[in-house]
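From a predicted model like this one, the values you see are computed outputs, not experimental measurements.
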Amino acid sequence: LNPQTWAILTNAAPADRAEAAWASVRELLIKEMGPLLLAPAYSVPREDIGYITRYSPGSRENGGVYTHAATWALAAACHVKDTAAAERIYRSINPAIRSEADADGWSAEPYATPGNIDGPLSETPGRAGWTWYTGSAAWLNRICLERIIGLRPTWEGMAIDPCPIPSIGVVDATRRWRGRSVRLRFDAAEWREGQPIRVTVNGEARERAMVEEGDAPIGGTIDVVATWITREERQRPAPAAAAAATGQRSLR
């Protein structure tokens with residue numbers, strides 16, 4: 001899983017290789033219980049590979065969901081804007097959602113991200129383990145904020161780049177950034193596949209989906225609203241082009 005997702009997240013792979021990598025993740029690794037670290041699981045210990053082959057098939061690193069890596073798979077899904085895969089991964093590793101659906105099968109706290117989830121070859125597929133242990137809790141929180149909601153700090157400013165999973169509905173999120181509060185609002189349920197984002201910052205349209213320090217003084221709040229550009233709007237000619245087509249002058 002890691003070579004595929006990080007080839008995408010680092011932009012190290014050419015477009016065709018990145019597309020092939022993500023297709024492999026979707027086809028071979030994303031399962032009901034989450035993205036598997038590898039598949040198929042090892043059934044015989046191998047000295048040349050190491051200790052993971054001595055775990056039973058489907059447990060921990062041996063063909064299970066190693067949650068740390070699964071959060072990076074969620075980030076990669078958002079990076080390529082595969083909202084269907086992002087939603088499936090998000091729901092499969094979210095402890096609140098999984099424990100509500102099957103508390104006995106999940107077998108872990110509903111408020112703690114587990115370190116691993118048993119894979120399909122385990123005797124207990126979908127069972128969570130090693131809670132209160134893993135750094136994946138912080139990664140899951142960060143990726144939900146930066147990749148799903150889309151408040152992601154960069155060198156240039158705060159990028160507004162949500163992956164609008166429709167089921168999360170109306171989003172109203174605030175993040176502190178460089179001494180300012182950035183508030184982002186959008187309705188994920190209104191998004192349709194292929195629609196690009198439109199952003200207003202403090203009520204003004206912004207050509208780039210980016211917040212800058214000059215948008216508010218230190219201690220101030222930057223209000224951002226995101227909507228989606230429909231296909232009809234994209235096909236509609238710009239005012240100057242429309243005026244030229246009808247023989248009218250475009251006034252500025």
Side-chain angles (χ1 to χ4, degrees), residues 4-5 7-11 13-27 30 35 71-94 97 140-154 156-175 177 182-212 215 222-243 245:
Q4 322 305 321
T5 57
I8 293 166
L9 289 170
T10 59
N11 295 314
D16 60 333
R17 297 286 299 274
E19 185 176 343
W22 187 244
S24 295
V25 172
R26 287 186 58 114
E27 178 184 354
I30 299 180
T71 64
W72 297 331
L74 176 58
C78 294
H79 187 80
V80 300
K81 291 296 183 285
D82 187 340
T83 55
E87 177 154 31
R88 186 178 182 189
I89 295 170
Y90 169 74
R91 297 186 67 84
S92 68
I93 64 175
N94 185 312
I97 293 173
L140 181 58
N141 179 72
R142 175 177 177 178
I143 290 165
C144 286
L145 179 61
E146 295 187 0
R147 298 283 184 168
I148 295 178
I149 294 175
L151 284 167
R152 189 169 70 253
T154 69
E156 293 78 17
M158 177 72 77
I160 308 301
D161 186 24
C163 182
I165 295 175
S167 65
I168 65 176
V170 175
V171 170
D172 190 337
T174 300
R175 176 171 186 164
W177 172 71
V182 181
R183 181 188 183 192
L184 171 62
R185 291 172 288 158
F186 63 87
D187 188 350
E190 293 182 350
W191 177 82
R192 299 294 180 268
E193 186 173 355
Q195 289 184 330
I197 194 171
R198 176 198 291 114
V199 166
T200 63
V201 178
N202 296 331
E204 296 184 359
R206 180 67 48 95
E207 187 170 337
R208 291 182 67 201
M210 182 78 69
V211 168
E212 301 172 353
D215 291 325
I222 303 171
D223 188 62
V224 184
V225 176
T227 54
W228 322 109
I229 302 173
T230 65
R231 179 180 301 176
E232 291 75 17
E233 288 178 286
R234 296 200 303 274
Q235 294 174 343
R236 189 181 303 156

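Open room surrounds CZ on R91; 12 or fewer heavy atoms of other groups in view lie less than 6.0 Å from it. Around atom OH of Y90, no more than 12 heavy atoms belonging to other residues, nucleotides or ligands sit under 6.0 Å away.
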- Message: D223 vs V201, test: side chain to side chain contact (heavy atoms under 4.5 Å, CB included). Steps then yes/no.
- Response: CA-CA 6 Å; D223 188 62; V201 178; over 6 Å; no
- Message: Let's go through D82 and R26 carefully: what are the C-alpha distance in whole Å and the side-chain angles of both, what is the deciding distance for side chain to side chain contact (heavy atoms under 4.5 Å, CB included) to 0.1 Å, and is it a yes or a no?
- Response: CA-CA 10 Å; D82 187 340; R26 287 186 58 114; 2.3 Å; yes
- Check the pair L184, V171 against side chain to side chain contact (heavy atoms under 4.5 Å, CB included), reporting the backbone distance first and the verdict last. CA-CA 8 Å; L184 171 62; V171 170; 5.6 Å; no
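Note that CG of L74 and CD1 of I148 are 4.5 Å apart. Values are rounded to the nearest 0.5 Å. Taking CZ of R175 as the reference point, atom CE of M158 lies at 5.0 Å (rounded to 0.5 Å). Rounded to the nearest 0.5 Å, atoms CD (Q4) and CZ (R17) are 9.5 Å apart. In this structure, CZ on R88 lies 6.5 Å from CD1 on I30, to the nearest 0.5 angstrom. T71 contributes atom OG1, which lies 6.0 Å from atom CD1 of I93 (distance to the nearest 0.5 angstrom). Taking CD1 of I143 as the reference point, atom CH2 of W72 lies at 8.5 Å (rounded to 0.5 Å).
Between the side chain of R206 and the main chain of M210, a donor-acceptor pair closer than 3.5 Å is present. A distance-only check finds no donor-acceptor pair linking the side chain of W191 to the backbone of C163 [under 3.5 Å]. A distance-only check finds a donor-acceptor pair linking the side chain of N202 to the backbone of D215 [under 3.5 Å].
Taking every heavy atom of both residues into account, A18 and A13 meet most closely at N-CB, 3.8 Å. Considering all non-hydrogen atoms of both residues, A73 and I89 come closest at O-CD1, 3.9 Å. Looking at every heavy atom in both residues, E87 comes nearest to P166 through OE1-CD, 4.0 Å.
With a 4.5 Å cut-off on side-chain heavy atoms, H79 and T5 do not count as touching. Between I197 and W228 there is a side-chain heavy-atom pair separated by less than 4.5 Å. Looking at E146 and C78, their side chains never come closer than 4.5 Å, going by heavy atoms from C-beta outward. At a threshold of 4.5 Å between non-hydrogen side-chain atoms, the residues V224 and T200 do not count as touching. Side-chain contact check for Q195 versus E190: every heavy-atom pair is 4.5 Å or farther apart. With contacts defined as side-chain heavy-atom distances shorter than 4.5 Å, the pair W177/V211 qualifies.
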